[in-house]
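What's counted below: heavy atoms across the whole structure, side chains too, no hydrogens, waters or symmetry copies. Everything quoted here is computed from the prediction, not taken from an experiment.
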There are 2 protein chains.
Amino acid sequence: MSQRNTDVSVQLDMPVDCDGEAVAPFTPGQAKACTVREVLDRVGGKWSIGVLVAASHGPVRFTELERQIEGISRRMLTLTLRNLERDGLLVRRVHPTVPPKVEYTATPIALELYEYLVGLTNWAERHRGAISAARIAYDREHGPV
Amino acid sequence: MSQRNTDVSVQLDMPVDCDGEAVAPFTPGQAKACTVREVLDRVGGKWSIGVLVAASHGPVRFTELERQIEGISRRMLTLTLRNLERDGLLVRRVHPTVPPKVEYTATPIALELYEYLVGLTNWAERHRGAISAARIAYDREHGPV
DNA sequence: CTGTATCCGTACCGATACTG
DNA sequence: CAGTATCGGTACGGATACAG
């Protein structure tokens with residue numbers, strides 16, 4: 001991952017420049033792992049996927065998102081939107097009307113990402129039961145405490 | 001996501017039972033988002049992917065992992081291994097020899113997951129430049145502070 | 001309607017020391 | 001070799017109040 005203690009993870013609260021290119025030798029496998037981490041560090045926030053999915057079906061307004069994504073706070077919605085916009089995954093368009101109207105749209109890059117997320121979704125749906133069972137079995141054998 | 005404040009995220013430090021089935025009505029899109037979150041909550045930890053990748057190439061020993069995954073601490077390696085084993089993504093085999101020898105192997109489910117991670121890896125590699133550029137552009141327009 | 005600002009809990013993770 | 005135990009920092013995210 002990051003070989004120095006310069007952490008390359010997302011800073012959701014405060015933006016930070018993040019260009020930790022791999023300099024040290026990686027095993028091919030761990031290079032892959034490192035790249036996946038890059039994605040997750042950008043899109044792995046608690047709400048990013050939800051916002052992305054909602055914005056992938058056409059332009060969405062702020063309040064629409066707030067209603068569609070159950071449980072999100074106004075603060076986190078704003079932060080998530082800013083981060084996704086910053087990474088070029090969302091386009092923010094302001095209509096200078098009163099009351100103000102702001103629309104968010106997923107970029108082609110984000111739409112492409114959405115495709116791959118479907119793969120993960122299907123994986124989770126297929127194995128949800130098995131994983132749940134594995135947990136129960138594990139907790140019974142070892143102490144649930 | 002989780003409609004109550006019962007959070008379904010991973011507890012990495014302390015195991016916790018996590019079966020928050022979706023009961024409330026979801027929009028189809030947000031249902032997808034919710035399922036992806038399930039995956040990330042299991043596998044989105046800082047080191048999970050790295051461990052998974054390393055274990056997908058055959059049985060690996062504890063110390064091997066410690067060396068391959070640059071920067072991981074002994075504590076985090078143990079915790080990550082325990083979580084993955086609990087979810088049925090890793091099998092732990094103990095050889096009762098002296099000195100002790102423990103081997104971790106990815107299960108078929110984990111191998112399948114690995115396939116899908118490749119999709120994300122390729123996505124990141126394709127768009128790494130564009131995202132980086134988008135960040136720079138964004139930070140120049142809005143304040144980098 | 002679309003945000004900002006502030007306070008604060010807690011999960012995640014690192015460092016370090018100890019053990020069968 | 002393969003862990004466990006404990007302490008502490010800090011980023012993430014929730015609640016709430018305020019604003020253009």
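- When the nucleotides dC1(D), dG3(D), dC13(C) are ranked by their closest atom to the side chain of Trp47(B), dC13(C) comes out on top.
- Looking only at side-chain heavy atoms (C-beta outward), Lys46(A) and Met76(A) stay at 4.5 Å or farther from each other.
- Of all nucleotides listed (dG14(C), dG3(C), dG14(D)), dG3(C) comes nearest to the side chain of Tyr104(A).
- Here the side chains of Arg67(B) and Thr63(B) are in contact, with some heavy-atom distance below 4.5 Å.
- Contact annotation: Thr63(B) side-chain N/O to dA2(D) OP1/OP2 distance is under 4.0 Å.
- If you measure from atom CD of Glu85(A) to atom P of dG3(C), you get 9 Å, rounded to the nearest angstrom.
- For dA2(D), neither phosphate oxygen OP1 nor OP2 lies less than 4.0 angstrom from any side-chain nitrogen or oxygen of Thr78(B).
- In this structure, Arg93(B) places its CZ atom 14 Å from P of dG3(D), rounding to the nearest Å.
- The distance from the CZ atom of Arg82(B) to the CG atom of Leu77(B) is 9.0 Å, given to the nearest 0.5 Å.
- dG3(D) atom P lies 8 Å from atom CG of Leu77(B), rounded to whole Å.
- Atom CG of Leu12(B) sits about 5.5 Å away from atom OG1 of Thr80(B), to the nearest 0.5 Å.
- Once rounded to the nearest 0.5 Å, the distance linking CG of Leu117(A) with CG of Leu40(B) reads 8.0 Å.
- Which of dC13(C), dC1(C), dA2(D) sits closest to the side chain of Leu12(B) comes down to dC13(C).
- Leu79(B) has its CG atom 12 Å from the C1' atom of dG14(C), to the nearest Å.
- The separation between Ile72(B) atom CD1 and dA15(C) atom C1' is 14 Å, rounded to whole Å.
- Relative to the side chain of Val102(B), the nucleotides dG14(C), dG14(D), dA2(D) differ in distance, and dA2(D) lies closest.
- Considering only the side chain of Phe62(A), dT2(C) comes nearest among dC1(D), dT2(C), dG13(D).
- The distance from atom NZ of Lys46(B) to atom P of dA11(C) is 19 Å, rounded to the nearest whole Å.
- At whole-Å resolution of the value, CZ in Arg75(B) and C1' in dT16(C) are 12 Å apart.
- Between Arg74(A) and Arg67(B), the residue whose closest nucleotide on DNA chain D is further toward the 5' end is Arg67(B).
- Residue Glu70(A) contributes atom CD, which lies 13 Å from atom P of dG14(D) at whole-angstrom precision.
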